[in-house]
Each structure stands twice: as C-alpha cells, then as structure tokens.
Amino acid sequence: MYGLWRPRVLGAWKVPATGPVILAVNHAHNVDGPMVMGVAPRPVHFLIKKEAFVGPLGSFLTGIGQLQVDRHSADRSAITRALGVLKQGGVLGIFPEGTRGDGDFTSLRAGLAYFAVRSGAPIVPVAVLGSSEQRGRLIKGLPPLRHRVDVVFGEPFEAGDDGGRRTRRALDEATERIQKQLTGHLENARRLTGRQGDT
C-alpha cells in the first residue's frame with residue numbers, strides 16, 4: 001500500500017494491542033479492504049465475498065487468512081470461522097454495509113451487531129477517505145498512483161447492553177448503537193482530515 005499510494009494513518013494506537021477486536025470499515029472502493037490490511041497495527045481477517053476467491057487471487061486471500069462468505073445465504077461456515085478468529089483473540093474486519101456503496105455507514109446489516117454481541121469483542125470504527133475521489137489514469141479501477149488515502153481508526157466501543165442478551169431486539173438495539181458510533185466517527189474523521197463529504 002505504501003509503495004503504490006500515500007496512506008496517512010491516524011489513530012492506529014487506538015486498536016487494542018491484544019485480544020479480540022472487530023474493525024468496522026466503510027466501503028466505497030475495492031482498495032479499502034487491502035488498504036486497511038496494509039496499514040493496520042495487527043493482522044486482520046476480513047470477511048470477503050466468495051466471488052473474489054478465484055484463481056491465484058483466491059489462493060492468495062486464503063493464504064493470508066481472509067475468510068470467504070456467501071452473501072446470498074446464511075453462510076454458517078463463514079460465521080463459525082469468523083467467530084473462531086475472535087475466540088482466538090484475533091482481529092476480524094467487516095464492511096458493515098455488506099457491499100460497496102457510498103461508504104457512509106447509512107445502511108448497516110445486522111452481521112456486525114451479531115458478531116459483536118455474540119463474541120463480546122469491542123468494535124473499532126475505521127474510516128477510509130480519498131480512495132474513491134479520483135480514478136487512476138493507468139488503471140481506471142484504482143485511485144491514482146501516489147494518491148493520498150486517509151485511514152482513521154476510532155475509539156473502541158462495546159455494542160452490547162451489558163445484559164448479554166442475544167435476542168432479535170437486542171441485536172436491533174445494538175445495530176442502532178453501532179450506526180450512531182460509526183457515523184459519528186466518519187464525521188469526525190472528515191473533520192480531522194479536511195475531507196468534508198469525501199469517502
């Protein structure tokens with residue numbers, strides 16, 4: 001990442017040095033996941049759509065510990081593997097919106113709340129800004145080479161309600177709390193980086 005672009009990383013020290021952690025990353029561009037993997041202070045295991053696991057790229061992603069998930073069904077094996085990462089004290093990376101979009105955390109799926117409530121792992125919000133503001137001349141699908149991309153890590157927070165409830169209502173309430181925290185972090189990250197309105 002540092003060889004191709006100019007990442008500016010803020011707040012990486014906020015990621016707990018040990019124990020299970022969930023990184024909740026906004027997703028506006030294909031490079032967002034690799035960028036976070038490249039600059040995070042700990043190895044990250046992302047849940048990635050199974051369509052990406054083809055040919056040499058699939059072998060590479062598996063080799064570096066990434067987890068494939070079928071987004072069109074309740075993929076129990078992916079859920080088990082992701083919970084296993086957290087149980088072993090690792091870092092799980094999730095795009096809470098489920099797919100690429102505006103990267104503004106406005107449409108969260110329940111998966112993040114489920115993993116956070118089930119595992120008890122803290123969530124660290126991560127804002128990637130600048131990855132989709134310009135298209136490269138050499139490769140249209142990537143940001144221009146040497147372009148600055150900001151990665152801002154936020155304060156860890158707990159999604160649960162201290163009662164340990166895992167009901168549908170508890171997950172809905174956790175999703176609301178998570179969305180408030182993530183959108184607040186994104187606004188703060190934009191102020192910090194001077195990228196108002198950027199993703």
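Please read these numbers as outputs of a predicted model, since none were measured by experiment.
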* Asked: Under 3.5 Å, is there a donor-acceptor pair between the side chain of Asp32 and the main chain of Val128?
  ->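 Such a contact is absent between Asp32 side chain and Val128 backbone.
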Taking the side chain as C-beta and beyond, is there a heavy-atom pair between [X] and [Y] under 4.5 Å?
| X | Y | answer |
| --- | --- | --- |
| Pro20 | Lys87 | no |
| Val69 | Ile48 | no |
| Ile178 | Phe157 | yes |
| Tyr114 | Leu83 | yes |

Find the distance between [atom1] ([X]) and [atom2] ([Y]) and round it off to the nearest 0.5 Å.
| X | Y | atom1 | atom2 | answer |
| --- | --- | --- | --- | --- |
| Gln179 | Gln181 | CD | CD | 11.5 Å |
| Leu61 | Gln68 | CG | CD | 9.0 Å |
| Leu67 | Arg81 | CG | CZ | 6.0 Å |
| Leu112 | Leu47 | CG | CG | 10.5 Å |
| Glu155 | Lys14 | CD | NZ | 4.5 Å |
| Leu10 | Asp150 | CG | CG | 6.0 Å |

* To do: Determine, stepwise, if the pair Val126 / Val152 fulfils side-chain contact (heavy atoms from CB on, under 4.5 Å).
  => CA-CA 6 Å; Val126 185; Val152 186; over 6 Å; no
* Step-by-step side-chain contact (heavy atoms from CB on, under 4.5 Å) determination, Leu129 to Val149 -> CA-CA 6 Å; Leu129 303 172; Val149 177; over 6 Å; no
* Structure fact -> Here the salt bridge (charged side-chain N to carboxylate O under 4.0 Å, His left out) pairs for residues 51-68, sequence neighbours left out, are none
Which atom names give the shortest non-hydrogen contact between [X] and [Y], and what distance separates them?
| X | Y | value |
| --- | --- | --- |
| Ala24 | Leu182 | CB-CD2, 3.9 Å |
| Phe115 | Leu92 | CG-CD2, 4.2 Å |
| Ala127 | Leu186 | CB-CD1, 3.8 Å |
| Gly154 | Val124 | O-CG1, 3.4 Å |
| Ala113 | Thr175 | CB-OG1, 3.3 Å |

* Asked: Within a reach of under 6.0 Å around NZ of Lys50, are more than 12 heavy atoms found that belong to other residues, nucleotides or ligands?
  -> no
* Please assess Met37 against Ile64 for the test side-chain contact (heavy atoms from CB on, under 4.5 Å), listing each intermediate value before the final yes or no. => CA-CA 10 Å; Met37 279 183 237; Ile64 62 171; 4.2 Å; yes
Distance-only donor-acceptor pairs under 3.5 Å for side chains of residues 39-46, two or more places apart:
{"residue": "Arg42", "atom": "NH1", "partner": "Pro16", "partner atom": "O", "Å": "2.8"}
{"residue": "Arg42", "atom": "NH1", "partner": "Gly19", "partner atom": "O", "Å": "3.0"}
{"residue": "Arg42", "atom": "NH2", "partner": "Gly19", "partner atom": "O", "Å": "3.0"}
{"residue": "Arg42", "atom": "NH2", "partner": "Gly89", "partner atom": "O", "Å": "2.8"}
{"residue": "His45", "atom": "ND1", "partner": "Gly65", "partner atom": "O", "Å": "2.7"}

* N-O pairing of Glu176 and Lys180 below 4.0 Å ->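 Looking at Glu176 and Lys180, the cut-off is not met.
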* **Working for side-chain contact (heavy atoms from CB on, under 4.5 Å), residues Phe153 and His185** => CA-CA 9 Å; Phe153 294 87; His185 171 66; 5.8 Å; no
